[in-house]
Each structure stands twice: as structure tokens, then as C-alpha cells.
Amino acid sequence: MTASRTNRGGDRGAGGGSGAGGGSVAWEVLLPAAGAPARARGRALQAALREAVRSGRLVPDTRLPSSRDLAADLGVSRGLVTEAYEQLTAEGYLRSGRGAGTWVGGAVRSARPPARDLAPRAPGAVADFVPGTPDLSLFPRAAWAAAQRGVLAELPHQELGYPDPRGLPRLRTALAELLSRRRGVVADPERLLVVSGVAQATTLLGFALHARGIGTVAVEDPGSPQHNDLYTAAGVRTVPLPLDDEGLAVGPLRASDTRAVVTTPAHQYPTGIAYSARRRAELLDWARSVDGFVLEDDYDGDFRYDRAPVGALQGLDPERVAYAGSVSKSLAPGLRLGWLLVPEALAEEVVERKRTMDLGHPTLDQALFARFVERGDYDRQLRRCQRAYRERRDALVAALAEHFPGSRVSGIAAGLHAIAVLPRRFAPEAGFLARVTAAGIAVRALADCTHARTGHEDVRLVLGYAHLPPARIREGVRLMAEAAEG
Ligand SMILES: Cc1ncc(COP(=O)(O)O)c(C=O)c1O
């Protein structure tokens, strides 16, 4: 259809590019008007055009076809189209540009408002210490683009079909090698699934536990609100259990009647405790004794600053531990890409759930990431982030010492966030939070991650630092101190 030459990209002038072919859909709505009896045809055409603009089918700044082209497409006289254009221009629905061309008026309020953005961010914060996000400016765009080009050039057509719901064999093989080398897991590619993040891994495990008659799962308290939300959504009730210095306390776990527990042993979220070797062994003993499972969320286990990362718990007993991780802290959460290693006993149910949920992860993304891992780009990215995040952690610790002397800072050996307990004089916490929030500083209180209402007075913060360059960290902490002093 000639009219599909319409330029929807804005005011780029006549002949300014061959616009989206989707524009032709709009002209089809004019066809019934074109078929109206001759006497009523002009008015019908105007009404249809007006309605197309009002309803948002023709968006502001869409360029209309020439009267000659549209008349030819609709099989009406050119005069009728010219008349319609003139009438609607007079009414403000259309406007004519300098020289040739007619556009949908920019000021027409469409019945279809633009989509709202509900992404979880702290827009406009003067300083944003909310944990959970890596530095998105470290995303390796050039290497990613090269991998994308390579994959598009080499991917066999058949790999654009539905994949194995567990993921492309090439990626599962590459991930098995990566995870056993870096995290010490026992990685059988047959029991490895490519998923859209730890979040989906958690949901799949929730369904699998439920199917085995396990209706409750113990979670760390303080812990990740995500665990609570995701297991609850999968129909599994969460039982918050306390921590001690070595990790989740096993006494309360033994006393509970649950047979599954979620842990973050490499760098407990949010306290930053690294589980002791003894606690790891105790957890596994407990799991064997109840014929249960440990669900290991290795959300930031790659980043350890004082020594080589401690191996994953899963490596000690792959039949009792399900292991999940993702690229959310190393590349970007928006990629929605992760992995799950499942014990034999849960494998069939988890794979079937993944299949019925989405028929598998997008294949282009998988092939791209496989190439990225195979060529060493992912290892390079991890090393780069590790260097940057260690420097930022040091900047945070130094800034807290300078501006909040007497603070106790912990959980700094690993990960992307730290815990700071501020000196007593900043208490009570509610007043502190109100002051810094009013100054435009975004922080998360440790209390937001716990079910236990201890009635504490101290200000206890979970401070994310990885996404901020050192200078912003120093400035942010200084501003926080200024706001806190009132
Ligand atoms: C402890 C913890 N685990 C898992 C997740 C979810 O991670 P993913 O992006 O891999 O789904 C988060 C995200 O906030 C988290 O804090």
C-alpha cells in the first residue's frame, strides 16, 4: 500500500525515511468510509480520520500520505481527501508543514496515554544507597555487541525454534564449566537450567517443593524480602528463622517442622555474614536427617575481597542443595538471565514447571551468553567489577569513618553492600530516616529486611555501594551526615 510510506518517526519532512509499515493499519480504518454512498463519503472520511486521531491509532506527529496517494489507495477522488485534510487541519487534528506534507497535530491529546514506568528505582535521589544494583555503566557494551554479531552470523536457523526447556546445550555446558571452576559446584549440565534470574529459580523450586508435599520453607531473618514474596506466590509458606554469628541458627531450624531452607551462605543477605564451615556442615546434616533440601541463593557470591571466594555449599552435597545464581550483580538485572542446578529428586518437576511456564529461555540471549562465557568475556567482566567494587567498598568504609565516627561496619568482605550501625547519638532510627529521606537521600534500613520487631533504637543501615563511583559515595555519606545532624 502506497500509504505505508508514511513517516511515523516525527517531523523529519517529506521523504525523510521510509516510515514504519505499521502505519498502513491506520489507513485501513478509512476503507469503510471510502465505501460510503457518494453523497455521504466526504463526511464519512472526515469522521473516520478524526476518530483515528482521537483514539490514538494515528499518533501525534505521524506524517499522512499525500492526498494523491491516499485517494488512490482508498479509491476515492483526490478532492475528497484534500477537503478532509483541510477540514481536519482547520479543526486542529492535523497540521500542514512548510512546503508539502500533512501531519497529525502534535497537541492532540491521544486517548491512549504513554505507558507508565513502574521500574523499582529511586529517581532523582541526591544520593542513592539502596542495595541490589551493580554499576550499570560497567556493562561491557562493546564485547556484548561483538558477541551479538557473532551469534547472529553463526546461529543455525533451527536454534531459533523452541529450545530444550532447560536451555541450549551449548550454554549449559559453558555454565557448568564456569560454575564448577569459579564456585566449586558439582555442575552436571543435565541438571542445569537456564532461567530468568534467581527469582525464577526460586519460583520453580517453590512449585517443586509444593509438588513433593513440602508446604513450608525456612527463610533467613533478617533476609531477602524476595524470598518471602516468591515462595509465598508459589504457594509455599515461609517460616522466618534467626541468624547467629555463623549463619542461620540450626537449633530453631531443627525445632521447626519444615524440610526446606533458603540460605545465602556466601554473603548473607542482608547482614553480610559468610556462613562458617561448621554451619554449612550442620545445615547439610539437618537436610539429610529430614530428607529435605537447602536452597542456596548465590546472588553475589562472585565478589569476595579478602581472599578467593568460598566455594558454594552445593559442592558439598549436590543431592541436598539446589543452587541458583544470575548475572544480575555482574552484568545487569535487566538481562533477566540466571541458572539453577537441581538435585535429582527435584529435577523432573522443576524442568516440567519451566516448560509449562515459558517453553524455555530466549534462544538468542542464551547463544549470546554462551559465546560471552566461552571466550572469557564473562571472566574479564567479573575481574573488572571485582576491582571496581573493592575500591568502592573501601571508599564507603573510609567515608563512614570520617563522617560517622564510631560506626560499626560489617559484611564488607564480599558482595555489593555493607551494614552500618551508626553511633547512638543518631538514634532513634525513625527520626534519622525521616531527616535523610527529606534531604533526598535514599537508604534502606535493616529493619525492612526482618520480621523480628526487636524495638531496637540504633540506626542500622544496609548500604549499597557497588553502583556508585567512589566520589559519589564520599559525597553521599557527607550529605547523609549533614542531614542527620539536622
Ligand atoms: C538476595 C537476593 N536474591 C535474589 C534476588 C533476585 O535476583 P535475580 O535478579 O537474579 O532474579 C535478589 C534481588 O534483589 C536478592 O536480593
Side-chain angles (χ1 to χ4, degrees), residues 119-122 128-136 139 167 175 178-179 183 192-206 217-234 238 240 243 247-248 261-275 294-303 312-314 321-341 350 354 357-358 361-362 365-366 369 378 382 385 389 411 414-419 442 444-446 448-451 462-467:
R121 295 189 200 108
D128 176 6
F129 288 106
V130 173
T133 314
D135 186 342
L136 301 174
F139 187 80
L175 282 175
L178 176 91
L179 296 172
R183 304 296 300 122
L192 192 150
L193 281 87
V194 179
V195 292
S196 62
V198 173
Q200 190 182 48
T202 304
T203 302
L204 292 169
L205 289 169
V217 59
V219 294
E220 299 165 325
D221 188 2
S224 168
Q226 301 276 9
H227 294 155
N228 191 54
D229 295 351
L230 293 164
Y231 279 110
T232 305
T238 56
L243 307 172
L248 185 111
V261 60
V262 191
T263 58
T264 46
H267 185 238
Q268 199 277 331
Y269 189 90
T271 64
I273 296 168
Y275 276 45
V294 179
L295 314 169
E296 179 174 20
D297 176 352
D298 199 29
Y299 69 105
D300 68 359
D302 272 304
F303 302 113
L313 186 60
Q314 189 265 9
V321 183
Y323 171 88
S326 77
V327 301
S328 292
K329 306 290 189 255
S330 51
L331 285 166
L335 293 181
R336 305 312 304 135
L337 180 61
W339 40 85
L340 170 62
L341 274 162
V350 164
K354 173 68 180 163
M357 197 178 278
D358 57 17
H361 201 73
D365 294 355
Q366 292 193 56
F369 191 54
Y378 191 59
L382 289 170
C385 291
Y389 297 163
L416 283 66
H417 68 269
I419 298 288
R444 164 140 333 142
L446 183 62
D448 290 346
C449 303
T450 178
H451 291 79
V462 188
L463 296 171
Y465 54 77
H467 58 295

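Predicted, not measured: the structure shown is a model, and the values here were computed from it. As the structure lists them, so they are numbered: ligands from 1, and atoms in each ligand from 1. Counting from 1, the numbers follow the sequence of the chain as shown.
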For atom 15 (C) of ligand 1, find the nearest protein heavy atom and state the residue, atom name and distance (0.1 Å precision).
S224 OG, 4.0 Å
In ligand 1, the atoms that come under 4.0 Å of a heavy atom of G197 are 10 (O), 11 (O)
Do me a favour and list the nearest non-hydrogen protein atom to atom 9 (O) of ligand 1 with residue, atom name and distance?
S328 OG, 2.6 Å
Is it true that a side-chain atom of Q314 and a backbone atom of A324 form a donor plus acceptor pair closer than 3.5 Å?
no
Ligand 1 atoms nearer than 4.0 angstrom to some heavy atom of Y269 are 1 (C)
For a side chain to side chain contact (heavy atoms under 4.5 Å, CB included) with S326, tell me which candidate from L335, V198, D297 qualifies.
V198
Could you tell me whether a side-chain N or O of H467 sits under 3.5 Å from a main-chain N or O of D128, the two making a donor and an acceptor?
yes
For atom 12 (C) of ligand 1, the closest protein heavy atom turns out to be Q226 CG, 4.1 Å
Intermediate values then yes/no, side-chain contact (heavy atoms from CB on, under 4.5 Å), Y323 and L179
CA-CA 10 Å; Y323 171 88; L179 296 172; 4.2 Å; yes
List ligand 1 atoms under 4.0 Å from R336, heavy atoms only on the residue side.
8 (P), 9 (O), 11 (O)
Hey, which of Y389, F303, Y269 is the one that makes ring pair (Phe, Tyr, Trp, His ring centres under 6.0 Å) with H417?
Y269
Look at the side chain of Y299 and the backbone N and O of H267, then say whether any donor-acceptor pair between them is shorter than 3.5 Å.
yes
Starting from atom 7 (O) of ligand 1, locate the nearest protein heavy atom and write down its residue, its atom name and how far away it is, to 0.1 Å.
V198 CB, 3.8 Å
If you count the atoms of ligand 1 from 1 in the order shown, which ones are under 4.0 Å from a heavy atom of D297?
1 (C), 2 (C), 3 (N), 4 (C)
Provide the closest heavy-atom pair for L382 versus S330 in the form atom of the first, atom of the second, distance.
CD2-CB, 3.5 Å
Part of A199 within contact of ligand 1 (heavy atoms, under 4.0 Å)
both
So for Q200 against ligand 1, with non-hydrogen atoms under 4.0 Å, the contacting part is neither
Looking only at N/O atoms, are T264 and ligand 1 under 3.5 Å apart anywhere?
no
Hydrogens and angles aside, do Q200 and D358 bring a side-chain donor and acceptor to less than 3.5 Å of each other?
yes
